[in-house]
Amino acid sequence: MLAKTEKCVLAGKEIHLAYTVNAMFEINDLLGERELFEVLGTNDRENFSAFCEIIRILAVNGALCRQAQGYGQGDALPENGQWEASLTPREYIDAKNSALHAVLKGLGRETAEEEEVDLGLLELEKNASRPERIS
C-alpha cells in the first residue's frame, strides 16, 4: 500500500505532502530531541525554520508517492526560499494543518470527516426494525 498524501497550497501551487518512513527518519534527524507535534503546534521563529524544512521533506516524499501512483510529479516547492518569504499567516496555519493531516495519514490515524445525521430518518429506521406485537 502506498502512502496517502495531503494537499497543501503554497505560493499558489498545489503541493502533496506525505509522511513516509523516509520522511519520518529525515524529520527525526532534523528535530533531534524536539517532538514533531511540538514544532507543528507552536509559533515561534525557531520552530518556523524547522517547520519549513518539514514541509520540504513532506513535499519531496509526497511528489515521489504521487509519481509511484502513476500521477505526474506535480508542482514542487521552490528551493530558493521564496515561498517562505511570501507566506501569509493564514497560509502558515493552513500549511501546518496540512502537515499535521499528512503525518496522521502516515501513521494511519486520520480522522474521518463527520457525517451529518438525519435524526428523523434514524428514528424511522429504529421504529421499522422493531418487531410488531400481535395482540
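The chain is numbered in sequence order, starting from 1.
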For residues Lys7 and Ile15, determine if any side-chain heavy atom of one lies less than 4.5 Å from a side-chain heavy atom of the other.
no
According to a hydrophobic-cluster definition based on side-chain heavy atoms being under 4.5 Å apart (Ile, Leu, Val, Met, Phe, Trp, Tyr only), do Val9 and Ile55 belong together?
no
Without placing hydrogens or testing angles, list every side-chain donor-acceptor pair under 3.5 Å for residues 23-31, not counting sequence neighbours.
| residue | atom | partner | partner atom | Å |
| --- | --- | --- | --- | --- |
| Glu26 | OE2 | Asn22 | ND2 | 3.0 |
| Asn28 | ND2 | Met24 | O | 3.4 |

The side-chain hydrogen bond (donor to acceptor under 3.5 Å, both in side chains) partners of Asn97 (sequence neighbours excluded) come to none
To the nearest 0.5 Å, what is the distance between NE2 on His16 and CD on Glu6?
10.0 Å
Residues two or more places apart in sequence or in another chain: which of them pass side-chain contact (heavy atoms from CB on, under 4.5 Å) with Arg90?
Thr88, Asp94
Glu35: what forms a side-chain contact (heavy atoms from CB on, under 4.5 Å) with it, not counting sequence neighbours?
Glu38
Would you mind reporting whether Leu104 and Tyr19 have side-chain heavy atoms less than 4.5 Å apart?
no
Starting at CG of Asn47, measure out to OG1 of Thr42 and round the result to the nearest 0.5 Å.
3.5 Å
Pairs touching residues 38-66 that satisfy ring pair (Phe, Tyr, Trp, His ring centres under 6.0 Å), sequence neighbours left out
Phe48-Tyr92, Phe51-Tyr92
Test salt bridge (charged side-chain N to carboxylate O under 4.0 Å, His left out) on Glu84 and Arg56 and set out the steps.
CA-CA 11 Å; Glu84 296 101 323; Arg56 187 199 62 74; over 6 Å; no
Partners of Ser98 by side-chain hydrogen bond (donor to acceptor under 3.5 Å, both in side chains), sequence neighbours excluded?
none
Give a yes or no on whether the backbone of Ile57 and the side-chain of Asn61 come within a donor-acceptor separation of less than 3.5 Å.
yes
Residues that Ser49 engages under side-chain hydrogen bond (donor to acceptor under 3.5 Å, both in side chains), provided they are two or more places apart:
none
